[in-house]
Protein chains: 2
Amino acid sequence: MRDVSEASGVSEMTVSRVLRNRGDVSETTRIKVLEAARTLGYVPNKIAGALASQRVNLVGVVIPSLSNLVFPEVLSGISAELDETGLQPVVGVTNYSPAREESVLYEMLSWRPAGLVVAGLEHTEAARAMLANAGAPVVEIMDVDGEGVDSVVGISHRRAGLHMAEAIVASGYRRIGFLGTKMPEDHRARKRLEGFREGLAAAGLGIEDTEFYSGGSALLKGREMTEAMMRRSPDLDFLYYSNDMIGAGGLLWCLEQGYDVPGRLGLAGFNGVELLQGLPRRLATMDSCRREIGQRAAQIIAARACEGASADAAPERIELEPVIQPGDTIRPPSRG
Amino acid sequence: MRDVSEASGVSEMTVSRVLRNRGDVSETTRIKVLEAARTLGYVPNKIAGALASQRVNLVGVVIPSLSNLVFPEVLSGISAELDETGLQPVVGVTNYSPAREESVLYEMLSWRPAGLVVAGLEHTEAARAMLANAGAPVVEIMDVDGEGVDSVVGISHRRAGLHMAEAIVASGYRRIGFLGTKMPEDHRARKRLEGFREGLAAAGLGIEDTEFYSGGSALLKGREMTEAMMRRSPDLDFLYYSNDMIGAGGLLWCLEQGYDVPGRLGLAGFNGVELLQGLPRRLATMDSCRREIGQRAAQIIAARACEGASADAAPERIELEPVIQPGDTIRPPSRG
DNA sequence: TTGAAAGCGCTAACAA
DNA sequence: TTGTTAGCGCTTTCAA
């Protein structure tokens, strides 16, 4: 900035004011400064600015993975929403490891971000403590089944599973298999499964067979697991998949095998991914509201960051309602 | 830090040394400081640290989109590689807009990042100037067809298109349609198409019909465009898609219609996405080396950032070789 | 092995 | 409308 100040013959303070559109500056000096800045290719140093003003335009976003389509979509919602506010997302990936989450959080907090968006409600004790003392708005996203540190935006995965179970039962299916990921740290998938079991139990039913995978092409795994399960338990009349990709793989396999879907065999996934629209049949699913979750979380951060209302603002708690999209792979509910 | 210093009865300077594992510090004080830091929940302020040391552990990553599967994969490669180096990616999304790219770059440079990874070689003049004067290693990724500002890691999309054309011609296909995105700013898709035309021209052929889309579910668009094209130009014997998702949609449609694939009609996409593995037939494609591109770019940044060898290090230029994966939707080359 | 002084590049607060 | 002063929280450099 010193250079700009000298080149324009204006004090550093006034240069600073021009560059931030702050305070009253005469049009004459404004132009002088801007011109000097441009010809010098001056880029302000936000590190110094942030240190001096105690204001940072960075928002930390902590997610488990980038490979799982779902998180880029959330991130995309966040990024789009923040764009208009001058805030910048900084992404940290935990690979579903609580320990890594802890260190990613520590790293982020050392930049004194304007806000923090973290996937999930389950954290180590140390991570929770950091979030509680972050001195910035924190939004935990994707899940509302549990206690948040500050604000929470998400859906109830437990109820998502429950409702899907009810829909399946209402359609007259009785012998049900479950296929999912082998991920002890995927708490949302676990909660869906728990809710699902609960919903079946209410009708006196249970899951008759399960199949889990990890890694590899989800579409392919869906095929393989479906084949394995139907060979092992040919009497099943419904398969519930923990995500749409494996569900899509299962659907393709079933169609190739000539199964009567949804008559003889019903199928459902989870997430409501765009991909499903191009399949030969639309897989039943449930929208997980990913993009909207990202947007709402970003809005909360932005609102808190812009107003000086950090400490006194009450935590928000937004529960979105995932809706069942029956598609073509579940029978209509049986009457009476 | 002042608190830690007081609580441990050690000078701020020594606290700083302990917290950074720098210089010789007696085990006694080390423990005292660490303990004080832990009980106080102290998180160092990297803003102040960066300002004082003129060192930042942030790496700017500028990509056009997060919705297009491809970029999260690149990002994932970058993130994985940086993890081990203590560097942190900061993502900026341009939505394929050169003007937005310019402002995202400006924003990033104001944080004085340790390095910059930018998708593509096409930038506004101002953006180029910023990159050239970034004072940090810059890696332009995905594309090598053109001049880079500093280092470049990618593939030749022109040659990718060219080679696919050669393979198609070699397999005896003659009446070829092209289906792609309607995106003037997607220079890589444009270059592939140019290379493709060139390859066909070398055999005295041309593209007989084209179809472009924008927005919506790529799989579904692939179906719709394929149907439209085959109704309009039923004599086509090959369809080249600018990405695998629309190719997959096209493949599903063709199979449903009972087309003899690859006998009567050949198909090929681009990217080599994992998804293809679970389709009824493997779509011919070409690996775009996305993850490796991200990794290599991150390696270059990391190497430059760690050594003090910023200014003097020669730019690297890494061209990866995409390989055709013929899958099941292109005939074997016809003999002699 | 430890500490003291100076200052990184900017902005808040106040003065002119 | 503009300028001056002080200092953000750390690290570099030098001295002890």
Side-chain angles (χ1 to χ4, degrees), chain A residues 1-34 36-37 40-58 86 106-114 133-136 308, chain B residues 1-34 36-37 40-58 86 106-114 133-136 308:
Chain A
M1 180 153 79
R2 154 139 286 127
D3 293 338
V4 177
S5 171
E6 280 171 12
S8 60
V10 170
S11 80
E12 291 194 39
M13 194 55 233
T14 302
V15 171
S16 170
R17 281 196 268 254
V18 171
L19 265 23
R20 288 176 301 145
N21 304 311
R22 275 284 165 68
D24 292 318
V25 180
S26 76
E27 195 56 18
T28 331
T29 41
R30 230 181 69 83
I31 291 177
K32 254 194 301 189
V33 170
L34 255 22
L40 289 171
Y42 172 74
V43 178
N45 185 329
K46 287 222 176 176
I47 299 177
L51 183 61
S53 67
Q54 311 281 35
R55 245 190 298 285
V56 179
N57 72 337
L58 263 22
Y106 183 81
E107 190 68 18
M108 295 204 147
L109 285 176
S110 73
W111 284 101
R112 304 293 187 264
N133 301 317
Chain B
M1 179 152 83
R2 153 139 289 127
D3 294 337
V4 177
S5 171
E6 280 171 10
S8 60
V10 170
S11 80
E12 293 194 37
M13 193 54 236
T14 303
V15 171
S16 169
R17 281 196 268 254
V18 172
L19 264 23
R20 286 175 303 145
N21 304 310
R22 275 282 166 67
D24 292 318
V25 180
S26 75
E27 195 56 19
T28 329
T29 40
R30 229 181 70 82
I31 292 177
K32 252 194 301 190
V33 169
L34 255 22
L40 289 171
Y42 172 74
V43 178
N45 185 329
K46 287 221 176 175
I47 299 177
L51 183 61
S53 67
Q54 310 281 39
R55 246 188 296 284
V56 179
N57 72 336
L58 264 21
Y106 183 80
E107 191 67 17
M108 295 203 147
L109 285 176
S110 72
W111 285 101
R112 303 293 188 267
N133 300 316

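Computed from heavy atoms alone, side chains included, the values below leave out hydrogens, waters and symmetry copies. A note on names: the letters A, B, ... follow the listed sequences, proteins ahead of strands, and every chain is numbered from 1.
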S.K.: So, A:Ser110 side chain and B:Asn45 main chain: donor-acceptor pair closer than 3.5 Å or not?
M.R.: no
S.K.: For D:dT1, does OP1 or OP2 lie under 4.0 Å from any side-chain N or O of A:Thr29?
M.R.: no
S.K.: Base of D:dG9, side chain of A:Arg112 - is there a donor-acceptor contact under 3.5 Å?
M.R.: no
S.K.: Rounded to the nearest Å, what distance is computed from the CZ atom of residue A:Arg20 to the P atom of nucleotide D:dT1?
M.R.: 16 Å
S.K.: Need one value for B:Asn45: base, sugar-phosphate or nothing, where a base atom within 4.0 Å counts as base even if backbone is also close, heavy atoms only.
M.R.: sugar-phosphate
S.K.: Output the rounded distance in Å from CD (B:Glu12) to C1' (D:dT12).
M.R.: 14 Å
S.K.: CZ/A:Arg112 to CD1/B:Ile47 distance, rounded to the nearest 0.5 angstrom?
M.R.: 7.5 Å
S.K.: Looking across every strand, which nucleic acid part, if any, lies under 4.0 Å from A:Arg17 by heavy atom: base, sugar-phosphate, or nothing?
M.R.: base
S.K.: Can you see which heavy atom on A:Met1 is nearest to which on A:Ser16, and at what distance?
M.R.: SD-N, 3.9 Å
S.K.: Looking only at side-chain atoms of A:Asp24, point me to the closest of D:dT11, D:dC8, D:dT1.
M.R.: D:dT1
S.K.: Provide, to the nearest angstrom, the distance between the NZ atom belonging to A:Lys32 and the C1' atom belonging to D:dG3.
M.R.: 14 Å
S.K.: Take B:Asn21 and B:Arg30 through the test side chain to side chain contact (heavy atoms under 4.5 Å, CB included) and record every step on the way to the result.
M.R.: CA-CA 9 Å; B:Asn21 304 310; B:Arg30 229 181 70 82; 4.1 Å; yes
S.K.: At less than 4.0 Å, is any side-chain N or O atom of B:Ser16 found next to OP1 or OP2 of D:dT11? Yes or no.
M.R.: yes
S.K.: Quickly work out the B:Arg2 CZ to D:dT11 C1' distance and round it to whole Å.
M.R.: 15 Å
S.K.: Between A:Tyr42 and A:Val33, is the side chain to side chain contact (heavy atoms under 4.5 Å, CB included) condition met? List the steps.
M.R.: CA-CA 11 Å; A:Tyr42 172 74; A:Val33 170; over 6 Å; no
S.K.: Let me know the distance between CG of B:Leu51 and P of D:dG7, rounded to the nearest Å.
M.R.: 17 Å
S.K.: Nearest 0.5 Å, please: how far is CG in A:Asn133 from CG in B:Leu40?
M.R.: 11.5 Å
S.K.: Rounded to whole Å, how long is the line connecting atom CE of A:Met13 with atom P of D:dT4?
M.R.: 12 Å
S.K.: So which atom in B:Val56 and which in B:Pro113 form the shortest heavy-atom distance, rounded to 0.1 Å?
M.R.: CG1-CA, 4.4 Å
S.K.: Rounded to whole angstrom units, what separation is found between the CZ atom of A:Arg30 and the P atom of D:dT2?
M.R.: 12 Å
S.K.: I want to verify a distance call: between D:dC10, D:dT12, D:dG3, whose nearest atom is closest to the B:Ser53 side chain?
M.R.: D:dT12
S.K.: Specify the separation, in whole Å, of atom CG of B:Asp3 and atom P of D:dG9.
M.R.: 10 Å
S.K.: Reading DNA chain C from 5' to 3', where do the contacts with chain A start and stop? Cut-off is 4.0 Å to heavy atoms.
M.R.: C:dG9 to C:dA13
